[in-house]
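Scope of the values below: all heavy atoms of this structure, side chains included, with no hydrogens, waters or symmetry mates. Letters A, B, ... are given to chains in the order of the sequence lines, protein chains preceding strands, and every chain is numbered from 1.
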Number of protein chains: 2
Amino acid sequence: MSPKASGSKPLTSRNRDASVIAAAIEVMSEKGYAATSIQEVADRVGVLKGSLYHYFDSKEELLSRILAESHATMDELQGEIRAQGLRPYEELMEYIRRQTIWYLENRERANIYFTERRHLTGERRQRALEAGRTFEKYIQDLVIAAQKDGDIRQDQDYRLITRFLTGALNGVRFWPSRSGKQFSVEEIAEASVALVRSAISTP
Amino acid sequence: MSPKASGSKPLTSRNRDASVIAAAIEVMSEKGYAATSIQEVADRVGVLKGSLYHYFDSKEELLSRILAESHATMDELQGEIRAQGLRPYEELMEYIRRQTIWYLENRERANIYFTERRHLTGERRQRALEAGRTFEKYIQDLVIAAQKDGDIRQDQDYRLITRFLTGALNGVRFWPSRSGKQFSVEEIAEASVALVRSAISTP
């Protein structure tokens, strides 16, 4: 059954979809994908396992839906930022700032995105890989344009700069888990952008 | 049985230990920890499952040994670099360069380190967490010292700089998997250090 079909169901069914996704994120975060059972997700939502299969035909489909939602959110964010008509360099900084905030506010989702993707197979795997490439290409295109504008240093290959940026971005989800002073999401995002600016700007 | 005890066994047993660890790394990299079976590791080594239990009493013990070996290597690396008597800032850069190279040359091990740690329980978990803290503290102490020396920028909190550095370091294992031009391990390490230097140096 296509997730898209949920649009035509009554509101209660749409809420049910969201509850199932939320419960699946919880269980997968606690146990990891491999140890997660559909039974446990059903228990968490408070429905029978059979009724859950009405919405998701397999555990893999659940994982695929979680990742697809994360990708859709990133797409939307990119669209919003692109619409601001900033210089490529400033668009890149704004994207890093906002994507950092999203990761920090959706850490369980982000962790599943990074650690469980490899469990997808076949078409679902292809879709997830393609979405990952689109994400990296968005950043890389901005790096190329900003290098051309003279805003990003030209002594480093654009591919290495892109990987450095995706690494800095993806690593930020670990920041708050360390002991010591708690920083706000905004403080972390501002610090990350300030450090990245110094790293890649033309001196 | 303690892994330490292997030192007193004949050479063939010690090789066997190393073969088992290498096989476990392979299988866990392919399938993930949860889906890995001792049977499969035994098949890969070419021994009976029962004889493997002679060396490792559980799958968790195998994972724990893999992580302990990785930590021991990092400890050794830190000791070697510390012995060079560099300024804290330069020690930090040298550590990032060499740790980056280690991650790139031991990607399967590094991936297990980051994605499977959470499967450890009890004392093994405590040991792994403690080792992780030691690793981060080494970096943080260098950041504090280099900030005091005036080599690292003082407009950002040392904890945020530390997390930025560990993020950059940990993210580097994803760099070579992208499509496009292949960079050598040394090229990637040099680029990473150059970008990090610009990010954190006092302007």
Side-chain angles (χ1 to χ4, degrees), chain A residues 29-36 100 111 114-119 129 132-133 136-137 140 152-153 155-183 187-203, chain B residues 29-36 100 111 114-119 129 132-133 136-137 140 152-153 155-183 187-203:
Chain A
S29 292
E30 289 165 21
K31 313 207 143 186
Y33 176 77
T36 292
T100 295
N111 284 332
F114 288 106
T115 60
E116 310 294 9
R117 264 183 304 190
R118 64 202 160 113
H119 292 293
L129 289 173
R133 280 192 290 267
E136 187 158 317
K137 192 171 182 312
Q140 182 161 298
I152 288 185
R153 61 196 288 171
D155 65 332
Q156 297 292 336
D157 189 282
Y158 69 92
R159 285 160 293 206
L160 295 178
I161 290 177
T162 301
R163 289 165 195 174
F164 178 81
L165 292 177
T166 53
L169 198 48
N170 298 344
V172 91
R173 68 205 163 93
F174 297 112
W175 288 28
S177 62
R178 314 304 184 188
S179 55
K181 185 184 166 192
Q182 288 305 306
F183 295 91
E187 281 173 317
I188 294 174
E190 293 304 331
S192 184
V193 169
L195 291 163
V196 159
R197 275 187 190 274
S198 299
I200 67 168
S201 296
T202 299
Chain B
S29 293
E30 290 165 21
K31 314 206 145 187
Y33 175 77
T36 291
T100 296
N111 284 333
F114 289 106
T115 59
E116 311 295 8
R117 264 183 304 190
R118 64 201 160 111
H119 292 293
L129 288 174
R133 278 191 292 266
E136 185 158 316
K137 191 171 181 314
Q140 182 162 298
I152 287 185
R153 61 196 288 172
D155 65 332
Q156 297 292 337
D157 189 282
Y158 68 90
R159 286 161 291 206
L160 294 178
I161 289 177
T162 300
R163 290 165 195 175
F164 178 79
L165 292 177
T166 53
L169 198 47
N170 297 345
V172 92
R173 69 203 161 96
F174 296 113
W175 288 28
S177 62
R178 312 306 184 188
S179 56
K181 185 183 166 192
Q182 290 304 307
F183 295 91
E187 281 174 318
I188 294 174
E190 293 305 330
S192 184
V193 168
L195 291 163
V196 159
R197 275 188 190 272
S198 300
I200 68 170
S201 295
T202 300

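Using a 4.5 Å cut-off between heavy atoms, A/Arg197 does not touch chain B at all. Only the side chain of A/Ala168 comes within contact range of chain B, with at least one heavy atom under 4.5 Å from a heavy atom of that chain.
Using a 4.5 Å cut-off on side-chain heavy atoms (C-beta onward), A/Thr115 and B/Phe114 make no contact. Looking only at side-chain heavy atoms (C-beta outward), B/Leu195 and A/Arg153 come within less than 4.5 Å of each other. A/Val196 places a side-chain heavy atom less than 4.5 Å from the side chain of B/Phe164.
The greatest number of non-hydrogen atom pairs below 4.5 Å with chain A, out of B/Ala199, B/Ser201, B/Gly167, is found for B/Ala199.
For the atom pair B/Lys31 NZ and A/His119 NE2, the distance stands at 12.0 Å (nearest 0.5 Å). Atoms CD and CD, from A/Gln156 and B/Glu187 in turn, are 10.0 Å apart once rounded to the nearest 0.5 Å. Taking CG of A/Asn111 as the reference point, atom CZ of B/Arg118 lies at 8.5 Å (rounded to 0.5 Å).
B/Thr202 pairs by the side chain to side chain donor-acceptor pair (under 3.5 Å) definition with nothing, not counting sequence neighbours. With sequence neighbours excluded, the residues forming a salt bridge (charged side-chain N to carboxylate O under 4.0 Å, His left out) with B/Glu30 are B/Arg44, listed by chain and number.
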